[in-house]
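Here the structure is laid out as structure tokens; the discussion comes afterwards.
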Amino acid sequence: MRKPRDFDSELKALADKAKALRERRVRQLGELVTATGADTLDADMLAGALLHAVTVKDAVTKEGWRKAGAGFFLGKGGKPAGEPAGQQGGTLPLDGGAASA
């Protein structure tokens, strides 16, 4: 005869695991903000920059950001990856990242 499964304990274990994964993700994001030096920005500016990054559709801009991030994690450049290639002065383009002619 098979042992009956305790679905309640299995669901609780899964919920606990999901909570631990969420907490780990939040902690890692906080560590990333600190490691890049973005913790010196005020919360409104950081939120605005992240919101802009989420909405950008330009593949070239996103690839530049990806390369800068990869370089940061590889330790290249010796400073936080603040400016993707082609970006001036750490400002975000007002036209959604489209290249100007």
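Counting begins at 1 with the first residue of the sequence. The figures that follow rest on heavy atoms only: side chains count, while hydrogens, waters and symmetry mates do not.
Qualifying side chain to side chain donor-acceptor pair (under 3.5 Å) partners for D16, counting only residues two or more places apart in sequence or in other chains: K12. For the side chain to side chain donor-acceptor pair (under 3.5 Å) test, residues two or more places apart in sequence or in another chain that qualify with D6 are S9. Q28 meets the side chain to side chain donor-acceptor pair (under 3.5 Å) test with no other residue; sequence neighbours excluded. The side-chain contact (heavy atoms from CB on, under 4.5 Å) search around A38 returns V33, T36, L41, L46, not counting sequence neighbours. Scored by the side-chain contact (heavy atoms from CB on, under 4.5 Å) test, D44 finds D42 as partners (sequence neighbours excluded).
For the salt bridge (charged side-chain N to carboxylate O under 4.0 Å, His left out) condition, no pair includes a residue of residues 22-38, sequence neighbours left out.
In this structure a side-chain-to-backbone donor-acceptor pair under 3.5 Å is present from K62 to V56.
Using a 4.5 Å heavy-atom cutoff, the side chains of F73 and L32 are in contact.
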